[in-house]
Amino acid sequence: MEYDFRKIERKWQSYWAEHKTFEVKEDASKPKYYVLDMFPYPSGAGLHVGHPLGYIASDIYSRYKRLCGYNVLHPMGFDAFGLPAEQYAIQTGQHPAVTTAKNIARYREQLDRIGFSYDWSREVRTCDPAYYKWTQWAFLKMFDHYYDNGLGKAQPVSRLVEIFSEKGSDGVNAACGEEMHFTAEQWNAMSEKEKSGVLMNYRIAYQGVTSVNWCPGLGTVLANDEVKEGYSVRGGFPVEQKKMTQWQLRVSAYAGRLLDDLETLEWSDSLKDMQKNWIGRSQGAEMTFKAFNGDKEYDIKIFTTRADTVFGVTFMVLAPESEWVEKLTSPEQKEAVEAYLAEAKKKTERERIAETHKVTGVFSGSVAINPLTGEKVPVWISEYVLAGYGTGAIMAVPAHDSRDYAFAKTFGLPIIPLIEGCDVSESSFDAKEGIMCNSGFLNGMTVKEAIPAAIDYVEAHGIGRRKINYRLRDAIFSRQRYWGEPFPIYFKDGVATPMPEDRLPLELPEVDKFLPTESGEPPLGRAADWTYEGWPIEKSTMPGFAGSSAYYLRYMDPHNGSALVSKAADEYWRNVDLYIGGTEHATGHLIYSRFWNKFLYDLGYVCEKEPFKKLINQGMIQGRSNFVYRIVNTNTFVSYGLKDRYETTEIHVDVNIVHNDRLDTDAFRKWMPDYADAEFILEDGEYICGYGVEKMSKSMYNVVNPDMICDTYGADTLRLYEMFLGPIEQSKPWDTKGIDGVHRFLKRLWRLFYDRDGLVVTDEKATPEELKTLHKLIGKAREDIESFSFNTTVSAFMIAVNELYEHKCNKREILEPLIILLSPFAPHISEELWEALGHEGSISFASFPEYVAEYTEESVCTYAVSFNGKTRFTLDLPKSMSKEDVEGKVLAEPLSAKYIAGGRVVKVIVVPGKIVNIVVK
RNA sequence: GCGGAUGUGGUGAAAUGGUAGACACGCCACUUUGAGGGGGUGGUGGGCGUUAGCCUGUGCGAGUUCGAGUCUCGCCAUCCGCACCA
């Protein structure tokens with residue numbers, strides 16, 4: 001009987017669907033395990049073989065955990081709001097909901113063919129109103145809370161109002177936009193509108209004016225992580241800076257906790273570092289400098305990590321967008337400053353990045369007083385100071401900061417060295433080392449001593465205070481687009497007001513076109529009656545990360561109409577034990593989700609501080625393109641090895657008509673009309689193609705579709721091969737070359753069970769040799785699966801099957817545990833063989849430990865082998881071998897020999913230097 | 001510039017500090033079949049040798065160790081992330 005993978009795979013996929021094999025319920029009698037994939041955005045192009053890599057790995061682990069007796073939650077859904085569907089809608093007029101539904105159906109079909117063990121009854125789609133109800137709900141909660149720095153958690157705004165009316169602004173230490181000072185009397189005297197303006201400064205979801213990444217090409221603002229090198233990540237349009245009023249999430253309030261709790265996570269160091277850098281904690285001091293524009297006095301606040309260098313301040317610099325610019329520009333300098341600001345504003349983000357080393361600036365006309373020396377220093381304005389970080393103003397110490405140094409050199413400002421023996425004639429001395437000089441009371445201290453001493457001084461004299469600054473900025477939360485979650489906010493007398501919870505979900509209205517209105521409003525401005533009780537509703541929508549921030553919670557209780565997740569479900573499933581996805585979400589989704597979770601944790605809706613305990617980043621699968629070489633001005637193609645003899649052009653050829661770099665010339669002629677009568681110059685009778693590694697994309701003709709692999713080789717082969725390709729975390733090009741090896745393995749496995757006439761499995765007792773093969777496999781596989789080293793696990797299976805095949809072993813005692821262990825990797829063939837062995841039902845319900853009980857750690861003993869009384873190495877020996885067999889076997893001569901001990905063959909290698917080296921074969 | 005990762009055959013890759021290159025692709029030889037992207041056996045890092053075997057070999061250079069692909073330090077190269085963050 002042949003291995004008919006098509007029939008087998010169809011059979012078991014419908015079996016799983018019919019029997020709802022992978023549906024799970026909370027079950028207190030079993031330990032839970034939650035395995036999650038980053039859900040996909042269903043694009044029109046469908047899945048290519050790179051997409052399922054992570055899904056296959058997580059599926060293997062899920063199935064393995066199930067075999068080990070865990071109650072495994074392994075859900076899947078779709079991140080269905082997004083720009084591409086809307087761009088498509090603008091072009092074609094087709095509603096994004098229609099496009100999205102179609103793409104989802106296609107994705108589902110492709111996923112099903114690979115044989116994943118998802119519990120589809122828990123599927124979520126972010127564009128489904130029943131789902132986004134809870135996205136909106138969370139937003140309202142954020143609107144209704146502020147972050148109390150003292151308590152270190154979110155608190156209701158009502159509490160804030162209470163404090164304000166009793167003690168004024170000083171009664172609370174809250175995260176806010178700008179620092180405000182008012183008394184209880186002042187608060188109580190405010191109008192409702194004024195009060196709501198003040199509260200907006202504290203809310204976790206708030207509306208505020210900020211410098212945003214505006215993308216004219218997409219007609220919307222973007223978050224920092226949606227912009228790369230001055231271009232939008234989606235679409236690649238240029239991005240510029242613009243001041244706008246936008247909804248924002250006060251993620252920055254959680255910066256400290258987001259940073260500290262990274263320690264508790266099992267994530268890779270590189271990913272943790274990425275988040276650490278993105279959060280960017282720096283410890284220093286905030287100081288106030290008095291500045292004078294004519295006779296008007298202002299306080300400029302600056303942030304520095306080098307408080308020790310205050311004695312070297314020779315000028316101050318303001319960011320062009322700083323609010324102090326206007327106040328400190330003198331009448332004489334007004335024209336020059338305005339010209340500079342206009343120039344700076346014109347630049348796109350892209351140009352600013354490109355010109356980072358170009359020094360520009362303008363003198364404001366004002367002076368500031370160094371609070372320690374009393375000296376007057378000029379106040380400048382320059383782009384190199386960023387408005388969004390610290391206070392938007394700096395004290396410049398050119399001797400010890402390279403940027404200040406470049407600025408001072410360009411504009412001829414003085415440079416005062418503060419460290420003994422440092423040379424600042426060519427460049428600044430940025431290192432935090434050496435002995436202080438020219439620094440008053442700090443003289444003679446090391447830099448490390450001087451920093452805290454300077455801050456102590458500054459605090460004692462009321463000039464400033466210790467401060468920790470974060471690079472992490474608040475997330476801009478509105479998009480001027482249609483295809484996203486509407487904000488459940490309306491404007492009553494111009495005041496942003498939340499809709500009542502029972503009005504949720506606020507569904508997306510129908511619009512005639514998906515473009516902005518003539519007056520420049522977002523597409524929702526086209527909706528017929530976009531009002532609530534007569535008041536206008538917010539017209540922007542939420543960004544892509546809104547719907548993906550809490551989806552892992554919704555899977556726990558996806559059909560709950562009265563809560564995001566019930567207490568019971570949350571307390572059972574808790575958080576994600578294993579999360580698999582790409583690194584591209586390191587500074588976006590993975591920050592927002594953690595923030596969202598912490599917020600809900602503060603409010604008591606979830607029981608875990610962190611959403612994703614262990615995280616694995618699967619590598620990207622790149623495309624492997626093939627090329628043919630056309631001799632110029634002809635329709636003749638020359639094989640790769642001969643191309644240098646002609647003048648040729650390199651042309652991409654569809655990788656699907658190339659096998660092992662050999663072109664199917666007939667298929668090539670049929671591929672495109674232009675090539676219908678192509679001629680070929682072959683080498684050794686074959687046309688060899690060139691190759692290169694590129695991104696997998698349609699235009700490179702290097703997209704390999706998993707459906708095609710399933711057709712030719714089957715899903716089990718695809719699954720095994722993707723794992724066999726190399727370590728999961730590594731990026732690599734897809735190369736179909738080699739898939740035959742894996743397919744051959746499955747056929748060979750099949751032949752252990754079947755010959756021409758049918759099943760040949762016997763109940764004979766296994767030989768020690770065969771048992772050893774099995775136990776070696778079990779030991780290796782368990783270890784490797786637990787450490788996600790799936791490529792070596794597949795190798796271990798191959799080795800085992802090769803050995804069994806060699807011995808013509810067809811004994812149930814061996815084969816049964818073998819296929820149970822294989823079932824996470826190749827579930828269809830395993831189920832089929834399991835059934836052939838006379839078992840009822842799915843293999844998923846087989847309890848793996850029963851089958852491996854006899855394989856225990858005890859079958860191997862570890863001895864330490866010592867030489868001259870010192871432990872040299874440890875040695876694992878089979879139980880049958882005793883310590884005495886090894887002890888004292890130190891040979892004087894270098895030799896290599898076989899050593900028989902306890903019936904086992906041991907190879908003894910004695911290297912020069914008389915050290916025994918024993919390896920058990 | 002800062003941070004991280006990676007460097008092993010023709011290829012994808014294995015190696016708790018202990019026989020480097022398992023396993024697989026490809027290639028070569030033999031074999032089987034009417035045929036098939038078939039089945040089987042053997043070989044395959046490089047150099048020398050008819051064989052036995054010898055020499056050499058994990059980006060480069062040091063170090064630790066009886067012993068280093070693995071640990072430490074310094075280079076070089078590639079990839080990724082951040083980037084005027086005061």
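Quick note on labels: first sequence line is chain A, next is B, and so on, each numbered from 1.
- Of the nucleotides present, B:rG1 is the one that pairs with B:rC82 by Watson-Crick or G-U wobble criteria, both distances under 3.5 Å.
- Checking side-chain atoms of A:Lys467 against main-chain N and O of A:Gly390 turns up no donor-acceptor pair under 3.5 Å.
- Ring geometry, A:Trp734 versus A:Tyr721: the interplanar angle exceeds 60°, so the pair is classed perpendicular (tilted spans 30 to 60°).
- Formation of a donor-acceptor pair under 3.5 Å by the A:His400 side chain with backbone atoms of A:Phe429 is found in this model.
- Nucleotide B:rG9 is shown with a syn base, its glycosidic torsion being within 90° of 0.
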Show me the protein contacts with nucleotides 32-34 of chain B, counting only N or O atoms at under 3.5 Å.
none

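- Pairing for B:rG21 is absent, with no Watson-Crick or G-U wobble pair whose two atom distances lie under 3.5 Å.
- Comparing the C1' positions of B:rG12 and B:rG81 gives a spacing of 26 Å, expressed to the nearest Å.
- Ring orientation note: the planes of A:Trp380 and A:Phe407 are nearly perpendicular, at an angle over 60° on the 30°/60° scale.
- Rounded to whole Å, the separation between the P atoms of B:rA13 and B:rA68 comes to 27 Å.
- Summarising the base pairing, B:rA29 is matched to B:rU41 through a Watson-Crick or G-U wobble pair whose two defining distances lie under 3.5 Å.
- At a threshold of 4.0 angstrom between heavy atoms, the contacts of A:Ser731 with the nucleic acid are absent.
- A perpendicular orientation is assigned to the rings of A:His743 and A:Phe5, their planes being inclined by more than 60° (bins at 30° and 60°).
- Separating the CG atom of A:Asp269 from the P atom of B:rG4 is a distance of 9 Å, rounded to the nearest angstrom.
- With 3.5 Å as the limit, one finds a donor-acceptor pair spanning the side chains of A:Ser270 and A:Ser268.
- Per the geometry, NZ belonging to A:Lys780 stands 7 Å off P belonging to B:rU16, to the nearest Å.
- Base pairing of B:rU6 is made with B:rA77, judged by Watson-Crick or G-U wobble geometry with both donor-acceptor distances under 3.5 Å.
- The interatomic distance linking A:Leu746 (CG) with B:rG38 (P) rounds to 15 Å, in whole Å.
- Nucleotide B:rU65 is matched to nothing when pairs are restricted to Watson-Crick or G-U wobble geometry with both distances under 3.5 angstrom.
- Looking at A:Val397 and A:Leu418, their side chains come closer than 4.5 Å, going by heavy atoms from C-beta outward.
- Across all strands shown, B:rC54 forms a Watson-Crick or G-U wobble pair, both distances under 3.5 Å, with B:rG47.
- Atom name C1', nucleotides B:rG3 and B:rG10: the rounded distance is 36 Å, in whole Å.
- Heavy atoms of A:Leu386 sit under 4.0 angstrom from at least one base atom.
- Taking the ring centre of A:Phe745 as origin, the terminal cationic atom of A:Lys747 falls outside the region bounded by 6.0 Å and 45° from the ring axis.
- Here B:rA86 is the nucleotide among B:rG81, B:rG4, B:rA86 with the atom lying nearest to any side-chain atom of A:Ile394.
- With A:Val704 as the partner, the side chain to side chain contact (heavy atoms under 4.5 Å, CB included) test is satisfied by one option alone out of A:Ile709, A:Ile621, A:Asp735: A:Ile709.
- Taking atom P on both nucleotides, B:rA52 is separated from B:rG45 by 14 Å, rounded to a whole Å.
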Which protein N or O atoms sit under 3.5 Å from an N or O of nucleotides 69-72 of chain B?
none

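- At the phosphate of B:rA86, OP1 or OP2 sits under 4.0 Å from a side-chain N or O atom of A:Tyr389.
- Across every strand in view, B:rG34 sits unpaired, with no contact that passes the Watson-Crick or G-U test at under 3.5 angstrom.
- At a threshold of 4.0 angstrom between heavy atoms, the contacts of A:Tyr405 with the nucleic acid are absent.
- Spacing of C1' atoms, B:rU31 relative to B:rA20, comes out at 32 Å, to the nearest Å.
- A gap of 38 Å separates the P atoms of B:rU51 and B:rG63, to the nearest Å.
- Residue contacts shown for A:Pro733 are absent, as no nucleic acid heavy atom lies under 4.0 Å away.
- In the set B:rG3, B:rG38, B:rA86, the nucleotide with an atom closest to the side chain of A:Thr305 is B:rA86.
- Atom P of B:rU65 sits at a distance of 16 Å from the matching atom of B:rU72, rounded to the whole Å.
- In this structure the side chain of A:Val233 never reaches within 4.5 angstrom of the side chain of A:Leu222, judged on heavy atoms.
- Aromatic ring pairs are classed by plane angle as parallel below 30°, tilted from 30° to 60° and perpendicular above 60°; the pair A:Phe825 and A:Phe797 is perpendicular.
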### Task
Please test A:Ile739 against A:Thr712 for side-chain contact (heavy atoms from CB on, under 4.5 Å), starting from the C-alpha separation and ending with a verdict.
CA-CA 11 Å; A:Ile739 197 166; A:Thr712 324; over 6 Å; no
### Base-contact (B) and sugar-phosphate-only (S) positions in nucleotides 21-29 of chain B, heavy-atom cut-off under 4.0 Å, - elsewhere
-BBSSS---
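- Residue A:Gln730 places none of its side-chain N or O atoms closer than 4.0 Å to OP1 or OP2 of B:rG12.
- For the P atoms, the distance linking B:rG53 with B:rG61 amounts to 31 Å, nearest Å.
- At the phosphate of B:rA83, OP1 or OP2 sits under 4.0 Å from a side-chain N or O atom of A:Arg471.
- Here A:Ser282 reaches the OP1 or OP2 of B:rA86: one of its side-chain N or O atoms lies under 4.0 Å away.
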